Amino acid sequence: MTRRSTIRARGLGGALLLLLAMSALQAQARPDYLARAREQISHRNSDSALALLRLVTDSQAGEPAARQVEAWILTGVVSFYRGEDSSVVEAFRRAFALDPGVQAAGLGAIDSSLAATFEAQRPKSVAAVLPAPATADSVYECVKRCPSGISKPSLSHFPQVSPQDVPPSESQIYPGASGLGASGLRGAIEFHFIVNEAGSVEPGSVEVSMSTARAWQPAFLQGLLQARFRPAMLGPRPVRARVRLRVDINAEGMDHFRYNLAGP
């Protein structure tokens with residue numbers, strides 16, 4: 001490479017770095033048009049809101065798909081209040097074109113016909129495999145496997161249970177906590193229960209489906225009611241789900257025990 005070529009290459013590299021830096025600064029300084037649009041909607045300024053939403057949905061704006069989807073849904077809401085039915089349909093179709101599985105549970109709270117219009121635009125191939133929209137009382141059965149589109153809850157915290165929490169045995173051979181099957185060495189409990197949207201167990205929903213460690217049931221039931229879960233999710237929305245938790249308990253020595261939790 002000649003000296004002139006080297007200088008040009010270095011100049012090109014510097015220019016590229018400068019352009020990247022300018023691009024990064026522009027990205028950091030990009031106004032949050034979606035937040036501004038929500039503010040205008042709250043003030044009932046529909047013209048301003050639609051103008052801001054168009055800045056998000058513009059394919060040249062470089063906004064992430066999720067924000068574009070939200071912007072199209074909000075466009076449909078604003079158009080609904082303006083009485084522009086064809087614009088509502090078009091906006092919802094654009095949202096589904098970007099994300100066929102998107103959920104918008106809040107539309108029903110605005111107007112049931114708006115929610116119906118939204119679901120009517122959903123691609124039929126996707127609607128066939130999505131679970132029905134949940135009501136406040138809906139519980140998804142996830143004891144074995146959740147319905148398609150529902151993510152199963154997962155255990156995030158369970159308080160420690162010790163043999164001291166369990167009534168002592170009358171056995172002279174195993175004087176520690178008892179109730180572990182016929183041998184007194186091992187046992188299991190299986191609970192079925194509902195995890196609510198907040199990730200807590202609904203107390204009245206707990207059932208013991210199987211137990212070979214009856215003396216341990218109260219201690220683990222108390223722990224279960226204090227446990228925390230990541231709730232089941234339907235898209236971005238937490239929902240109630242019925243699940244199972246199995247506890248396997250094993251005696252180790254005279255008064256030591258080990259237990260494992262399996263599930264949901």
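Please read these numbers as outputs of a predicted model, since none were measured by experiment. Numbers here are sequence positions counted from 1.
- Counting all heavy atoms, side chain and backbone alike, L52 lies closest to A37 at CD1-N, 3.7 Å.
- Expressed to the nearest 0.5 Å, how far CE of M233 lies from OG of S154 amounts to 11.0 Å.
- The closest donor-acceptor contact from the side chain of R230 to the backbone of K152 lies under 3.5 Å.
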Between L50 and R82, is a side-chain contact (heavy atoms from CB on, under 4.5 Å) present by the stated rule, with each step listed? CA-CA 11 Å; L50 288 175; R82 290 162 64 99; 3.7 Å; yes
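- Interatomic distance, D85 CG to L114 CG, rounded to the nearest 0.5 Å: 10.0 Å.
- With rounding to the nearest 0.5 angstrom, the CG atom of N196 is 5.0 Å from the CD atom of E202.
- A donor-acceptor pair is defined here as one N or O able to donate and one able to accept, closer than 3.5 Å; such a pair exists between the side chain of R228 and the backbone of A198.
- Follow the hydrophobic side-chain contacts under 4.5 Å out from V77 and you never reach V89; the two are in separate clusters.
- The closest donor-acceptor contact from the side chain of D32 to the backbone of A35 lies under 3.5 Å.
- The nearest pair of heavy atoms linking P231 to V195 is CA-CG1, 4.4 Å.
- Not one N or O on the side chain of T57 forms a donor-acceptor pair closer than 3.5 Å with the backbone of A71.
- Here the side chain of R258 pairs no donor or acceptor atom with the backbone of D248 at under 3.5 angstrom.
- Both Y81 and W72 sit in one connected hydrophobic cluster of ILVMFWY residues. Membership requires side-chain heavy atoms under 4.5 Å apart, directly or through other members.
- Minimum interatomic distance between A49 and V78 (heavy atoms only, all atoms of both residues): CB-CG2, 4.5 Å.
- Once rounded to the nearest 0.5 Å, the distance linking OG of S86 with CD of E84 reads 7.0 Å.
- Side-chain heavy atoms closer than 4.5 Å link hydrophobic residues (I, L, V, M, F, W, Y) into clusters, and following such links, even through other members, never connects M210 to V247.
- Taken to the nearest 0.5 Å, the CZ atom of F96 stands 7.0 Å off from the CD1 atom of I73.
- Nearest approach of A227 to F158, heavy atoms of both residues: CB-CD1, 3.8 Å.
- Between T117 and F80 the shortest side-chain heavy-atom distance does not fall below 4.5 Å.
- With rounding to the nearest 0.5 Å, the separation of NE2 in H157 from CD in Q226 is 7.0 Å.
- In terms of modelled atom types and a separation under 3.5 Å, the side chain of T212 and the main chain of A188 share a donor-acceptor contact.
- Here the side chain of Q68 pairs a donor or acceptor atom with the backbone of E63 at under 3.5 angstrom.
- The pair R38-E70 meets the salt-bridge criterion, since a charged nitrogen lies less than 4.0 angstrom from a carboxylate oxygen.
- Looking only at distances, a side-chain donor or acceptor of R122 sits under 3.5 Å from a matching main-chain atom of P100.
- Hydrophobic clustering (side-chain heavy atoms under 4.5 Å, transitive across Ile, Leu, Val, Met, Phe, Trp, Tyr) groups L221 together with V201.
- Checked against a 6.0 Å centroid threshold, the rings of Y259 and F220 count as neighbours.
- Partner of L261 under the side chain to side chain contact (heavy atoms under 4.5 Å, CB included) criterion, chosen from L155, V161, L224: L155.
- The nearest pair of heavy atoms linking C146 to S151 is SG-C, 4.3 Å.
- In the hydrophobic clustering of this structure, L53 groups with L55; members are Ile, Leu, Val, Met, Phe, Trp, Tyr whose side-chain heavy atoms approach within less than 4.5 Å, directly or through other members.
- A salt bridge is absent between R36 and E39; no separation between the charged side-chain nitrogens and carboxylate oxygens falls under 4.0 Å.
- Residues S211 and Q217 come closest through the heavy atom pair OG-OE1, 2.6 Å.
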